Amino acid sequence: MTSPYNPQITEAKWQKIWAEKECFKAVEDSDRPKYFVMSMFPYPSGRIHMGHVRNYTLSDVVARYKRAQGFNVLHPMGWDAFGLPAENAARDKGVHPSTWTHENIATMRRELDSMGLALDWSREVTTCDPSYYQHQQKLFLDFLKADLVYRKESWVNWDPVDHTVLANEQVIDGKGWRSGAVVEKRKLSQWFLKITDYAEELLNGLKSLDRWPDKVRLMQENWIGKSEGIEFSFQISGGGLPENSKLPVYTTRADTIMGTSFAVLAPEHPYALRLADSHPDIAAFIEDCKKMDTTEASLEKMEKKGIHTPYTVLHPLTGESLPVYIGNFVLYGYGTGAIKSAPAHDQRDFDFATRYGLPIRPVITGSDVKEGEPYAKKGIVINSGPELDGLTSDAAISKVIRMMESKGIGQGRVNFRLRDWGVSRQRYWGCPIPIIHCESCGVVPVPEKDLPVTLPEDVTFDTPGNPLDHHPTWKHVSCPSCGKPARRETDTCDTFVDSSWYYARYCSAKDTTQPVDKNKADYWLPVDQYVGGVEHAILHLLYARFFARALQHTGHISVTEPFTGLFTQGMVCHESYKGADGAWLYPEQVTKNPDGRAVKSADGSPVTVLRGDKMSKSKCNVVDPSKIIAGYGADTARLFMLSDSPPERDLEWTESGIEGGWRYVNRLWKLAEETAERGATETPNEKAAQTQRVIHRTIAQVSDSYERFHFNSAVAKIRELSNALEGLNAQNPSESGILREGVETLTQLIAPMLPHVAEEMWERLGHKTLLIETPWPKANPALLVENSVTIAIQVNGKLRATLTLPRDVQGTEVEAAALAQESVQRALDNKPPKKKIYVPNKVLNIVA
RNA sequence: GCCCCAGUGGUGGAAUGGUAGACGCGGCAGACUCAAAAUCUGCUAUCUGCAAGGAUGUGGGGGUUCAAGUCCCUCCUGGGGCACCA
């Protein structure tokens with residue numbers, strides 16, 4: 001008699017036991033190999049969503065698998081708890097950011113607990129807690145001492161809705177990446193971290209990250225954007241410039257130097273700005289560009305516009321006098337803010353020259369040059385004088401650099417697209433920057449004994465702007481250096497700072513004396529496997545890599561790369577439904593007819609079904625994980641997350657898929673129930689012996705799938721094993737022993753994915769010890785070798801027969817057997833075989 | 001515009017250059033049932049054939065190879081990233 005499987009009771013039971021026995025508490029142990037696996041910690045927005053479930057299931061499977069393999073596993077969790085939504089909630093609902101955040105954390109903690117994750121909660125970090133951010137303040141001061149922090153006046157992207165400054169990379173299409181508000185330009189004093197000091201290292205380090213997706217490495221490489229070129233100066237005159245003025249420009253295509261027919265300044269270039277007073281048309285153009293820049297810079301069809309200036313420059317090699325323009329397509333922030341043109345070899349220069357009737361002189365040629373189009377590829381130099389003509393572009397680039405260097409007018413230079421990281425935010429809910437501004441002493445770091453600088457509790461959000469700035473007393477302090485009245489820095493840190501070192505903090509999360517206990521960090525770091533969304537491919541991961549180098553430089557940790565393995569999972573998607581009126585509909589508002597067409601339940605009007613839409617509230621296609629876990633249990637939810645798609649791809653949530661998972665969990669339980677009391681050993685019959693081979697083959701295949709993150713394949717192999725085991729009879733003494741071996745193995749193999757039901761099955765099978773404490777099964781090599789093999793027989797590469805023959809049979813025997821086959825003879829059509837290729841135990845191809 | 005990734009049955013997807021479609025979802029048929037649900041069993045790429053079998057088939061076209069979903073070239077479609085980056 002079998003008893004039904006009840007996930008609610010069983011899952012709570014094992015979660016309690018694991019917690020009581022502190023199964024997942026990680027303790028440094030130099031005798032055992034360590035394995036550090038972590039997921040990207042969540043922002044406590046309120047509830048967990050399916051994306052979290054997928055993310056944490058993946059890292060949990062790795063943690064449990066590695067643990068069974070004998071590794072000392074660290075699998076921690078924390079909260080990325082500072083950030084703007086808490087302030088927005090304060091503004092909208094009148095709840096304090098701290099209250100809102102901690103309530104969300106409590107809710108999400110309960111939800112995570114219900115998933116049955118093998119997490120070491122004793123190392124929980126919460127970035128908004130002074131016990132975390134006081135150490136971040138210490139790091140800030142250390143970085144300041146190490147000359148990795150500086151302050152500069154700069155034009156910043158001001159978000160008028162969030163009242164905050166955005167990094168360049170946080171501005172998307174001229175709008176704030178969070179608020180969506182049109183970004184304005186303002187000039188503010190900002191704190192910056194010198195990530196550019198490590199540009200070269202961050203680029204080179206990518207080569208060593210062989211367990212990162214190529215895609216992410218490539219994205220980072222492009223983001224860092226190294227280019228090698230030359231910086232040289234034009235002699236510039238006119239427009240009231242002093243004698244011997246220089247205009248430095250940067251180019252990567254020195255080979256096109258003889259094709260240069262004009263120079264262009266960025267609108268913000270000082271030489272451009274100084275003309276504005278005397279030339280109203282130029283002033284107007286510059287004003288225009290400012291607007292374009294902030295709002296529509298990324299618009300595809302923006303015209304290359306410019307304005308002529310009274311300046312002229314001298315060509316550095318020919319001495320020819322060339323006109324100078326101000327152009328809307330030249331970026332002040334890149335290179336020197338001015339360019340030499342190569343109108344025949346650059347689309348932008350070409351468009352500009354065409355528009356303003358400037359000479360276009362081809363100086364590079366190639367086999368695929370097209371009339372009337374710029375040729376931007378490298379090729380062979382022409383029309384450039386005896387010294388350069390006939391050289392390849394690369395040879396010409398080196399030669400031009402040498403020529404200019406010897407004349408003292410230019411120098412080879414490496415340039416990066418990467419910019420320093422502005423970390424100042426004019427917000428309340430962030431880590432206070434531990435600085436005091438004194439009128440006499442200037443910028444004074446807060447003495448370490450005075451850390452942490454904590455956020456004041458009594459703040460109001462009824463006025464826009466930074467509550468720290470509005471606070472009546474908080475910012476007024478005396479200067480630690482001279483004692484006179486001074487003012488606290490009211491900027492707080494970008495939350496990307498919080499998440500740039502939490503992996504190191506996990507190593508000694510409760511240490512009150514220092515950010516990182518180096519001994520412990522030396523044991524655990526680097527993170528062996530990091531799992532998270534690809535949306536963090538550039539910013540978070542680059543900042544964290546920079547921090548590792550900065551932490552190493554300031555003596556906190558020893559490693560250079562924080563994450564040696566990275567896995568980026570796909571999104572969770574779900575069908576969405578759009579009514580005839582264009583409004584999104586909830587699944588329960590839609591009826592699917594037998595013919596496959598969907599209609600609105602209320603009035604029968606047609607509904608468009610869209611597949612593969614990311615779950616989002618606005619599209620009404622969100623599935624709540626807590627409801628799924630409450631209904632089917634965490635194991636079923638976890639199984640669905642793993643079984644239907646490879647983890648790096650997007651996953652389509654389907655109701656039928658989750659039900660398939662639920663059915664399988666029940667089949668497993670039934671299998672354990674039926675097997676539990678059996679297991680007498682007797683000589684296995686043929687079927688049982690065959691099944692035993694399947695068992696051991698499955699151990700090998702599933703282990704391999706776990707190693708390679710092919711969890712969907714692991715599930716498929718495991719299901720094959722259960723199909724085979726269901727073919728055995730528990731009542732038959734010649735089969736029951738192998739059946740039991742199979743069910744035990746099966747239980748172990750599914751345990752990383754379905755930990756609760758596996759543990760329950762293990763107990764039901766009569767074990768007194770926990771499955772979580774049981775080592776991973778080993779495949780018996782003797783049972784991995786089949787006695788007979790199926791060999792494919794091809795004629796001219798086409799399959800004509802399959803032969804089952806003893807393993808390692810002679811090729812000549814296979815040939816003889818193959819030629820005896822009628823189907824082979826028919827395919828040969830009396831033609832004599834010309835050639836035979838035999839791949840032992842696999843395939844014989846007869847070429848006729 | 002540039003860079004990257006993907007394209008396999010009705011569907012999600014398997015497949016170190018060696019028997020394409022594992023495993024699941026769905027569907028069909030059957031068993032159990034008064035009936036339904038649940039469960040179990042079988043079948044399920046397409047075309048052709050009574051059948052045995054044959055032909056076709058991994059987005060299109062070409063190529064390399066004894067052998068291509070897999071490698072190369074090219075084009076198409078979809079997705080992602082970057083973008084006046086000189």
Side-chain angles (χ1 to χ4, degrees), chain A residues 169 213-219 221-223 225 227 229 249-254 256 264 266 292-293 297-300 302-304 327-331 333-342 345-349 351-352 376 415-418 534-535 537-538 570 596 611-612 639-640 643-646 648-652 654-661 663-664 666-667 670 701 704-705 710 712-723 726 790-803 822-823 826 834-848:
Chain A
E169 51 267 37
D214 291 341
K215 185 168 106 173
V216 174
R217 288 194 288 180
L218 194 74
M219 280 160 75
E221 194 181 315
N222 291 338
W223 190 262
S227 68
V249 295
Y250 174 77
T251 181
T252 53
R253 290 299 299 274
T256 63
V264 191
M292 301 278 278
D293 233 2
S298 59
L299 280 190
E300 212 161 286
M302 176 178 153
E303 276 186 279
K304 317 291 176 281
N328 62 357
F329 65 100
V330 177
L331 296 176
Y334 184 80
T336 62
I339 62 156
K340 75 152 198 23
S341 63
H345 307 291
D346 181 284
Q347 185 70 50
R348 295 157 299 175
D349 296 357
D351 293 347
F352 193 83
N415 206 35
F416 291 95
R417 176 187 180 275
L418 183 71
V534 73
E535 65 273 20
I538 299 176
R611 300 207 67 177
L639 179 61
F640 180 76
S643 64
D644 254 38
S645 288
E648 69 277 11
R649 273 203 232 170
D650 287 353
L651 170 70
E652 180 92 15
T654 59
E655 189 63 27
S656 53
I658 194 81
E659 277 174 8
R663 276 201 296 274
Y664 185 62
N666 280 285
R667 267 175 65 193
K670 215 170 95 185
Q701 289 172 335
D704 185 56
S705 293
H710 290 188
N712 57 325
S713 296
V715 172
K717 301 292 179 211
I718 288 171
R719 290 185 101 123
E720 279 185 79
L721 176 59
S722 26
N723 289 345
E726 279 168 347
T790 305
I791 296 169
I793 309 300
Q794 298 177 336
V795 178
N796 293 328
K798 282 197 177 180
L799 183 73
R800 293 298 170 187
T802 55
L803 295 175
E822 196 198 318
S823 57
R826 204 181 320 125
K834 275 189 213 141
K835 195 172 168 185
K836 302 179 194 102
I837 293 100
Y838 178 57
V839 182
N841 301 318
K842 277 194 177 155
V843 65
L844 170 71
N845 191 9
I846 301 167
V847 186

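To find a chain, count down the sequence lines: A is the first, B the second, and so on, and within it residues start at 1. What you are looking at is a predicted structure, and each value in this text was computed from that prediction instead of being measured. Below, all heavy atoms of this structure are taken into account, side chains as well, without hydrogens, waters or symmetry copies.
Heavy atoms of A:Asn723 sit under 4.0 angstrom from primed sugar atoms or phosphate atoms, though from no base atom. Among the atoms of the strands shown, only primed sugar atoms or phosphate atoms (P, OP1, OP2) are found under 4.0 Å from some heavy atom of A:Arg667. Backbone-only engagement by A:Val847 is indicated by non-hydrogen atom pairs under 4.0 Å involving sugar-phosphate atoms exclusively.
With both ends at atom C1', the span from B:C34 to B:C23 equals 38 Å, rounded to whole Å. The separation of B:U11 from B:U58, taken at their C1' atoms, amounts to 16 Å, rounded to a whole angstrom. The P atoms of B:A31 and B:C25 are separated by 22 Å, rounded to the nearest whole Å. Using C1' as the reference atom, B:U39 and B:C32 are 9 Å apart when rounded to the nearest Å. Only the C1' atoms considered, B:U41 is 23 Å distant from B:A45, to the nearest whole Å. Between the P atoms of B:U56 and B:A67, the separation comes to 16 Å (whole Å). Nucleotides B:G78 and B:C28 are separated by 33 Å at their C1' atoms, to the nearest Å. B:G9 and B:C47: their C1' atoms are spaced 14 Å apart (whole Å).
The shortest distance between the side-chain N/O atoms of A:Asn712 and the OP1/OP2 oxygens of B:C23 is not below 4.0 Å. Checking the phosphate oxygens (OP1, OP2) of B:G80, no side-chain nitrogen or oxygen of A:Arg649 falls inside 4.0 Å. Look at A:Arg800 and you'll find a side-chain N or O under 4.0 angstrom from OP1 or OP2 of B:A55. Between A:His710 and B:A15 there is a side-chain N or O to OP1 or OP2 distance below 4.0 Å. Between A:Lys798 and B:U56, a side-chain N or O to OP1/OP2 separation shorter than 4.0 Å is present. At B:C85, one or more side-chain N or O atoms of A:Arg348 fall inside 4.0 Å of OP1 or OP2 (strictly under the cut-off). Contact check, A:Arg826 against B:G54: a side-chain N or O comes under 4.0 Å of OP1 or OP2.
The base of B:U16 sits within donor-acceptor range of the side chain of A:Lys842, with an N or O pair under 3.5 Å.
Of the listed nucleotides (B:G26, B:C3, B:G18), B:C3 has the atom at the smallest distance from the side chain of A:Asn222.
No donor-acceptor pair under 3.5 Å is formed between the side chain of A:Asn415 and the backbone N or O of A:Ser227. A donor-acceptor pair is defined here as one N or O able to donate and one able to accept, closer than 3.5 Å; such a pair exists between the side chain of A:Ser823 and the backbone of A:Arg800.
Two residues, A:Ser643 and A:Gln794, neighbour RNA chain B, and the one matched to the more 5' nucleotide by heavy-atom proximity is A:Ser643.
Paired runs in RNA chain B that reach 3 or more consecutive Watson-Crick or G-U pairs, where each pair keeps both distances under 3.5 Å, cover B:1-7 with B:76-82, B:10-12 with B:23-25, B:26-31 with B:39-44, B:45-48 with B:53-56, B:59-63 with B:71-75.
Ionic pairing of A:Arg217 and A:Glu221 is not present here: no N-O contact between side-chain nitrogen and carboxylate oxygen is shorter than 4.0 angstrom.
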